[in-house]
Asks: 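Encoded as structure tokens, here's the structure I'll be asking about.
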Amino acid sequence: MHEMLTKENIDYMERAREVAEKYVRPRAAELDQTREYGWDILEALKSYELTGAWIPKEYGGHDAGVLNLCLIVEQLSRACGGVGVAFAVNALGSFPIILGGTEEQKQKYLPPIAKGESLIAFGLSEKASGSDAGSLRTTATADGDDYVLNGHKKWNTNGGVASVFTIFALTQPDKGIRGISPFIVEKDTSGFTVGKREDTLGIRTVSVNELDFEDCRVPASQLLGGKEGGGFKNAMMTLDRARPGVAAQALGLAQGAFEWALRYTSERRQFGQTVMSHQAVQFMLADMATQIEAARQLVYASARLIDSGAKNINKMAAMGKVFATDTAMKVTTDAVQLFGGYGYCNDYPIEKYMRDAKITQIYEGTNQVQRLVIGRALTRELKELTGHLDVTVEHFPDYDPDA
Ligand code: CAA
């Protein structure tokens with residue numbers, strides 16, 4: 001696998017692996033129980049120069065791209081899926097600025113994120129608009145030199161620790177999706193409150209919050225890109241670039257659970273031999289290893305495509321997310337199975353992987369939405385995919401549309 005990676009890729013991967021083994025793994029169970037954010041882990045990420053890897057150099061980052069971001073997230077998630085997403089969500093929050101911010105906005109907000117001094121979260125979903133992101137209801141009404149935001153956001157990953165938020169709101173409600181605009185909102189803005197923290201099944205170190213806006217006044221300079229409209233496109237383009245990060249989180253979780261399963265089944269003895277030496281178990285391990293490797297190749301390929309600057313990335317990003325996250329759910333569930341009764345108890349490390357994996361099939365677009373994105377792309381590409389075939393269904397033997 002290493003043969004397919006550049007020296008730079010391996011360097012990012014190894015640095016992240018060291019952080020994961022030294023700082024994340026020893027704290028994973030404790031952070032899961034206390035639901036605290038790993039501030040010490042953030043300090044380690046800073047000292048290993050991993051924060052802001054995806055941010056352009058001119059704004060203090062490394063311009064290392066989505067593949068390196070994925071390699072970092074994968075390694076962190078091998079030890080703790082919560083820490084993996086706590087890191088990745090900074091990319092989700094900052095992509096809207098990288099893609100659509102003015103020079104001033106980029107200069108102001110990106111360098112502190114790159115240094116790990118400021119954490120950023122992404123506010124798109126609402127109580128009544130999850131998969132149907134275009135139906136959001138939060139409004140941003142122009143008033144003199146300001147905008148006044150009113151509404152509520154839901155499932156804001158890192159909401160409780162972020163100091164900056166990219167928020168999508170309706171500036172022209174009569175225009176629907178085309179009336180959505182992105183804003184940058186700072187934590188201490190009057191009228192903005194970080195609300196209820198969700199009691200989540202997994203990724204429990206991460207603070208997932210509601211956000212409330214009540215006559216929250218922000219200067220017009222906080223309108224991303226300085227132009228109304230375009231917010232939905234910005235959100236979609238952001239998600240295309242961020243979904244490989246979730247896929248990498250899933251990949252890391254699957255890999256981490258698999259390593260535990262290998263270790264356990266090679267030591268545990270039943271019927272006079274190691275559990276691993278039973279062929280039924282070997283078949284399970286073989287499937288898990290194969291699925292993980294297939295997911296890895298697809299995730300890396302989707303990241304490489306994005307880094308190449310290609311335009312049509314949404315299908316591959318969605319494919320990587322669907323495949324890696326479904327794999328993570330399957331592999332982590334099988335890993336619990338291989339641990340038997342011990343796997344179901346939280347004094348063993350394995351059930352946490354299964355709990356952490358579940359959300360990867362849900363957030364940043366459910367896997368049903370990913371399949372919708374893939375299906376729509378196939379429809380768009382129909383001619384390209386089938387144009388070389390000189391027959392149509394009418395030429396098929398016995399085909400009769402009126403039958
Ligand atoms: N790139 C650029 N533009 C895009 C695009 C893309 N990937 N996808 C759509 N658009 C554009 C379309 O071209 C169209 O533009 P025009 O109006 O100019 O023609 C416009 O956006 C509307 O597109 P659709 O008609 O396809 O929109 P839709 O309403 O049918 O929705 C959807 C499509 C794919 C279902 C979308 O709503 C979606 O992705 N939903 C899931 C949202 C999501 O992932 N939410 C998670 C939020 S983050 C989170 O989970 C919490 C967290 O903190 C981690």
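Note that the coordinates shown come from a computational prediction; the quantities given were computed from them, not determined experimentally. For ligands, and for the atoms within them, numbers begin at 1 and follow the listed sequence. Any value given below was found using the heavy atoms of this structure, including those in side chains, with hydrogens, waters and symmetry copies removed.
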Asks: Is any N or O atom of Leu239, backbone or side chain, closer than 3.5 Å to an N or O atom of ligand 1?
Replies: no
Asks: Considering the heavy atoms of Arg376, write down every atom of ligand 1 situated less than 4.0 Å from one of them.
Replies: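 So the answer, numbered in order with elements, is 24 (P), 26 (O), 28 (P), 30 (O), 33 (C).
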Asks: Inspect the contact between Lys330 and Asp326 and indicate whether a charged nitrogen and a carboxylate oxygen are less than 4.0 angstrom apart.
Replies: no
Asks: Against heavy atoms of Ser125, which atoms of ligand 1 measure under 4.0 Å?
Replies: 47 (C)
Asks: Can you name the atoms of ligand 1, numbered from 1 with element, that are less than 4.0 Å from a heavy atom of Met237?
Replies: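 Result: 1 (N), 2 (C).
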Asks: Only one of Phe339, Tyr344, Tyr264 passes side-chain contact (heavy atoms from CB on, under 4.5 Å) with Ile350; say which it is.
Replies: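 Among the candidates, only Phe339 passes.
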Asks: A side-chain contact here means heavy atoms from C-beta on lying under 4.5 Å apart; do Arg355 and Asp32 qualify?
Replies: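 Yes, their side chains come closer than 4.5 Å.
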Asks: Minimum heavy-atom separation for Cys70 to Pro244, with atom names?
Replies: SG-O, 3.4 Å
Asks: For ligand 1 and Thr157, I'd like to know whether there is a polar contact (N/O to N/O, distance under 3.5 Å).
Replies: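 In this structure, Thr157 places an N or O atom under 3.5 Å from an N or O of ligand 1.
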Asks: If hydrogens are left out, which of Arg178, Glu364, Arg241 has an atom nearest to atom 19 (O) of ligand 1, that is, the closest non-hydrogen atom?
Replies: Arg178
Asks: Pick whichever of Met236, Gln370, Lys321 has a heavy atom sitting closest to atom 38 (C) of ligand 1.
Replies: Met236
Asks: Taking the side chain as C-beta and beyond, is there a heavy-atom pair between Thr157 and Phe122 under 4.5 Å?
Replies: no
Asks: Just verifying a value: how many Å separate Phe283 CZ and His278 NE2, rounded to the nearest 0.5 Å?
Replies: 13.5 Å
Asks: As an exercise, identify every atom of ligand 1 less than 4.0 angstrom from a heavy atom of Tyr363.
Replies: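 Answer for ligand 1: 50 (O).
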Asks: Would you call Tyr300 and Glu74 a side-chain contact if the rule is heavy atoms closer than 4.5 Å?
Replies: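 SC-SC contact between Tyr300 and Glu74 confirmed.
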Asks: Side chain, backbone, both or neither: which part of Trp155 has a heavy atom under 4.0 Å from ligand 1?
Replies: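 The part of Trp155 near ligand 1 is the backbone, not the side chain.
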Asks: Measuring only between side-chain heavy atoms, which start at C-beta, is Arg217 closer than 4.5 Å to Leu149?
Replies: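 No, side chains not in contact.
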Asks: With the threshold set strictly below 4.0 angstrom, can you tell me whether any protein non-hydrogen atom sits that near atom 52 (C) of ligand 1?
Replies: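 When distances to the protein are checked, atom 52 (C) of ligand 1 has a heavy atom within 4.0 Å.
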Asks: What residue and atom, counting heavy atoms only, is the protein's closest point to atom 23 (O) of ligand 1, and at what distance?
Replies: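 Minimum-distance protein heavy atom for atom 23 (O) of ligand 1 reads Phe232 CE2, 3.9 Å.
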Asks: Which atoms of ligand 1 are found less than 4.0 Å from any heavy atom of Ile177?
Replies: 29 (O)
Asks: Report yes if some heavy atom in the side chain of Val73 is under 4.5 Å from a heavy atom in the side chain of Phe87; otherwise report no.
Replies: yes
Asks: Below 4.0 Å, non-hydrogen atoms only: which portion of Val208 touches ligand 1? Side chain, backbone, both or neither.
Replies: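 It is neither; nothing of Val208 touches ligand 1.
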Asks: Which protein non-hydrogen atom lies closest to atom 3 (N) of ligand 1, naming both residue and atom, and how far is it?
Replies: Lys233 CG, 3.5 Å
Asks: Are any of the side-chain heavy atoms of Leu224 and Gln105 separated by less than 4.5 Å?
Replies: yes
Asks: Does a side-chain N-to-carboxylate-O contact under 4.0 Å join Glu364 and Arg243?
Replies: no
Asks: Distance under 4.0 Å to a non-hydrogen atom of Ser131: what atoms of ligand 1 satisfy this?
Replies: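 Matching atoms, with element in brackets: 35 (C), 37 (O), 38 (C), 40 (N), 41 (C).
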Asks: Please work out which of Asn234, Val85, Leu372, Val373 has its closest non-hydrogen atom nearest to atom 35 (C) of ligand 1.
Replies: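 Looking at heavy atoms only, the winner is Leu372.
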Asks: If we only count heavy atoms from C-beta on, is the Gln75 to Glu18 side-chain gap below 4.5 Å?
Replies: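 Gln75 vs Glu18: side chains apart.
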Asks: Pairs of nitrogen or oxygen atoms closer than 3.5 Å, one from Asn156 and one from ligand 1: do any exist?
Replies: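 N/O-N/O distance below 3.5 Å does not exist for this pair.
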Asks: Under a 4.0 angstrom heavy-atom cut-off, which atoms of ligand 1 come close to Asp240?
Replies: 1 (N), 6 (C), 7 (N)
Asks: Which protein non-hydrogen atom lies closest to atom 45 (N) of ligand 1, naming both residue and atom, and how far is it?
Replies: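 Atom 45 (N) of ligand 1 sits closest to the protein heavy atom Gly365 N, 4.0 Å.
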Asks: Is the shortest distance from atom 33 (C) of ligand 1 to a protein heavy atom below 4.0 Å?
Replies: yes
Asks: Just heavy atoms, cut-off under 4.0 Å: does Asn158 contact ligand 1 by side chain, backbone, both, or neither?
Replies: neither
Asks: Is the shortest heavy-atom distance from the side chain of Asn68 to the side chain of Trp54 under 4.5 Å?
Replies: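 Result no, sub-4.5 Å side-chain heavy-atom pair not found.
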